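Taking it in order: structure first as structure tokens, then the write-up.
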Amino acid sequence: MSVSSALASRLKDPSLLVDTALIADRWVGRSKTGETFEVTNPATGEVLAVLPDMGRAETADAIEAAHAAQKAWAARTGKERAGVLRRFYDLIVAHADDLAIILTSEMGKPLAEAKGEVLYGASYVEWFAEEAKRIYGDTIPGHQPDKRIIVLKQPVGVVASITPWNFPNAMLARKLAPALAAGCAMVSKPAAETPLSALALAVLARRAGLAPGLFNIVLSTDSASIGQEMCANSKVRKLTFTGSTNVGKILMRQGADQVLKLGLELGGNAPFIVFDDADLDAAVEGAMVSKFRNNGQTCVCANRLYVQSGIYDAFAARLTERVAQLKIGNGFEEGVQAGPLISSKALSKVEEHISDALAQGATVSTGGNRDGRGDLFFQPTVLTDVTSSMKVAREETFGPVAPLFRFETEEEVIELANDTEFGLASYFYAKDLSKVFRVAEALEYGMVGINTGLISTEVAPFGGIKQSGQGREGSKYGIEDYLEIKYLCLSI
Ligand SMILES: NC(=O)c1ccc[n+]([C@@H]2O[C@H](COP(=O)([O-])OP(=O)(O)OC[C@H]3O[C@@H](n4cnc5c(N)ncnc54)[C@H](O)[C@@H]3O)[C@@H](O)[C@H]2O)c1
Ligand SMILES: O=C[C@H](O)CS(=O)(=O)O
């Protein structure tokens, strides 16, 4: 197929820019149907690559390759697996600038954010390189004098993964690292909007010494068919998915026939609560990073900002002032803080949420319109006088819109914050220690940021409850999702 020579010329190592899928030790440039698809830069519309558009047949080939390679990988010691992962980590860090350029080109986020994502993804590889050596079992006192009980932890086997466009590097690294550390093999389908970051990681994984078949990448715009193969193929032991709740439900239904083990990192609707006793400046800065990181296109973004009445006007004024200062533009421009949205569909959802809110009485205090820099640019926006009847309260906006809701009491805001089918991230700012514990324990979410708007780290268990998913990624808990427990009962 083909890659952009302009993009390749920006890279120190152009070999990271790949236009082929990876199945076993073959870089596959042509799909079985000959179909192709384009990857474009959302800021400029430039075609970055033309890739093979694959289907179930290629997915089955990749699963076969993973199945053939996995047992030998599982038979290696944890220390040996750790060594390969450590080399992989070192290569990612050494090539972080190139990986960031590829990421910004295909996804649009500012280059500094892209570099941050690459290093964040690398932190999971580093973490699970260490965890690979600490997959401990148990011995249990026998239930009878002649019985001895041992608990083993063994890799689940072949893992399928499907990842989204908003963090095309880190969302894959956060799955690949624990899977490999545990002794699994992976077949990955990245989002068709942003596959180049995944392919660059595959180049570095092979360079780190990862054997053919342990990490396969299938490229496709027909994600439904790829997912059907991943769910139906009996050689797949686990499917790990990051994306929308609706797709997560489809995969759950499809996987039911073989009781497929699932890891689901799904949608969010994060409340961001500011109490009267909050540090106002800190709360504004926390709202900026929680709401506008990645241009509001993250699953843990503040989606609803609840501000107690005593501080509402001051917070609204300060936040409006800060948001109005955000620099919009191409992610490669110096100082840009807000790039394009990923698609016209995403931009339409932002406009729909704003128009619905205005129609019900909300007010725009800054932004609210498309930006003239290009078809996918939208002004960072603050809405005031927002109420629970509006779409921004019930749906994930996934864009640069900060809707401010007023509340009076702690009891009221807990009820408002929990009134959603989602349960991923939540945030609140307060100083009173008793209140901090009361609110943290009452919020029905997998993650709670307290006096901070940035909670994502490899050392902590990332994940949600309710319809935000199941399982955890990162931390000492993250590798468990890639292991099976086996218990041995010995009679002596
Ligand atoms: N919880 C998390 O860690 C996390 C992280 C990032 C994004 N998300 C969520 O993802 C959503 C935004 O990402 P998106 O728009 O790419 O989500 P999406 O669900 O539309 O797509 C995610 C991935 O699933 C694939 N996909 C789509 N339909 C499929 C199907 N029927 N079968 C199999 N695969 C299918 C897509 O090609 C993509 O690779 C938001 O809801 C966001 O909250 C969650
Ligand atoms: O979109 C959600 C990702 O998980 C982003 S992050 O982990 O918070 O960086």
Side-chain angles (χ1 to χ4, degrees), residues 22 24-25 63 65-94 119-140 148-161 170-188 201-202 204-216 235-240 261-263 457-463 471-490:
L22 178 59
D25 57 353
I63 292 166
H67 187 257
Q70 188 264 329
K71 290 278 189 296
W73 178 242
R76 312 252 320 251
T77 65
K79 190 169 182 177
E80 288 171 325
R81 292 197 296 270
V84 174
L85 282 169
R86 182 70 210 193
R87 286 195 295 277
F88 185 29
Y89 166 76
D90 289 340
L91 286 168
I92 293 171
V93 172
L119 296 177
Y120 170 57
S123 72
Y124 285 92
V125 179
E126 180 188 42
W127 176 269
F128 286 107
E130 295 155 357
E131 290 296 280
K133 295 182 277 188
R134 297 177 181 80
I135 300 175
Y136 300 138
D138 282 309
T139 57
I140 297 173
R148 299 294 182 270
I149 295 174
I150 297 171
V151 176
L152 302 180
K153 296 222 179 131
Q154 296 180 312
V156 295
V158 172
V159 175
S161 105
M171 293 305 95
L172 175 54
R174 199 160 81 177
K175 299 173 183 300
L176 180 64
L180 293 176
C184 301
M186 180 172 278
V187 177
S188 172
L201 282 177
L204 295 178
R206 293 298 309 278
R207 222 175 271 178
L210 198 65
L214 291 178
F215 179 28
N216 306 274
K235 291 190 171 73
V236 173
R237 289 282 181 271
K238 173 188 170 81
L239 172 59
T240 176
K261 191 182 183 86
L262 290 171
T457 167
E458 79 282 9
V459 308
F462 188 105
R472 291 296 184 270
E473 296 190 327
S475 82
K476 68 173 185 177
Y477 301 96
I479 202 160
E480 297 299 329
D481 283 13
Y482 294 89
L483 296 168
E484 296 287 10
I485 290 175
K486 178 186 288 178
Y487 127 68
L488 312 182
C489 185
L490 289 78

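What you see is a predicted model, and the numbers here were worked out from it, not measured in a lab. Numbering starts at 1 and runs along the sequence shown.
Side-chain atoms of Val125 and Ile92, non-hydrogen and from C-beta on, do get closer than 4.5 Å to each other. Contact annotation: the side chain of Leu176 never approaches that of Ser188 to less than 4.5 Å [non-hydrogen atoms, C-beta and beyond].
No salt bridge links Lys153 with Glu484; every basic N to acidic carboxylate O contact stays at or beyond 4.0 Å. In this structure, Lys476 does not pair ionically with Glu131, as no charged nitrogen and carboxylate oxygen lie closer than 4.0 Å.
Here Asp481 contributes atom CG and Leu262 contributes atom CG; the two are 10.5 Å apart, rounded to the nearest 0.5 Å. The distance from the CZ atom of Phe215 to the CG atom of Leu22 is 7.5 Å, given to the nearest 0.5 Å. Rounding to the nearest 0.5 angstrom, the gap separating the CD1 atom in Ile135 from the OH atom in Tyr482 is 12.5 Å. Note that the CE atom of Met186 and the CD1 atom of Ile63 stand 12.5 Å from one another [nearest 0.5 Å]. Atoms CG and CZ, on Leu210 and Arg81 in that order, are 11.5 Å from each other to the nearest 0.5 Å. Rounding to the nearest 0.5 Å places CG of Asp25 at 10.0 Å from CG of Asn216.
What you find for Ala24 and Pro212 is that their closest heavy atoms are C-CB, 3.8 Å. Nearest heavy atoms, Ala129 versus Leu85: CB-CB, 3.7 Å. Shown here for Ala211 and Arg206, the closest heavy-atom pair between the two residues is C-NE, 4.4 Å. Of all heavy-atom pairs between Ala160 and Val236, the closest is CB-CG1, 4.0 Å. Shown here for Ala185 and Gly213, the closest heavy-atom pair between the two residues is CB-O, 4.0 Å. Smallest separation of non-hydrogen atoms from Val84 and Gly209: CG1-C, 4.2 Å.
Side-chain N or O atoms of Gln70 include one that pairs as donor or acceptor with a backbone N or O of Gly183 at under 3.5 Å. Of the possible polar contacts, none joining the Thr457 side chain to the Ala460 backbone as a donor-acceptor pair under 3.5 Å is found. Trp127 places no side-chain N or O within donor-acceptor distance of the main-chain N or O of Gly474, the cut-off being under 3.5 Å.
With hydrogens and angles left out, the side-chain atoms of Thr240 and Lys175 include a donor and acceptor closer than 3.5 Å.
Taking the six-membered ring where tryptophan is involved, the planes of Tyr124 and Phe128 are essentially parallel, since the angle between them stays under 30° and well short of 60°.
Residue-environment remark: OH (Tyr477) stays at or below the threshold of 12 foreign heavy atoms within 6.0 Å.
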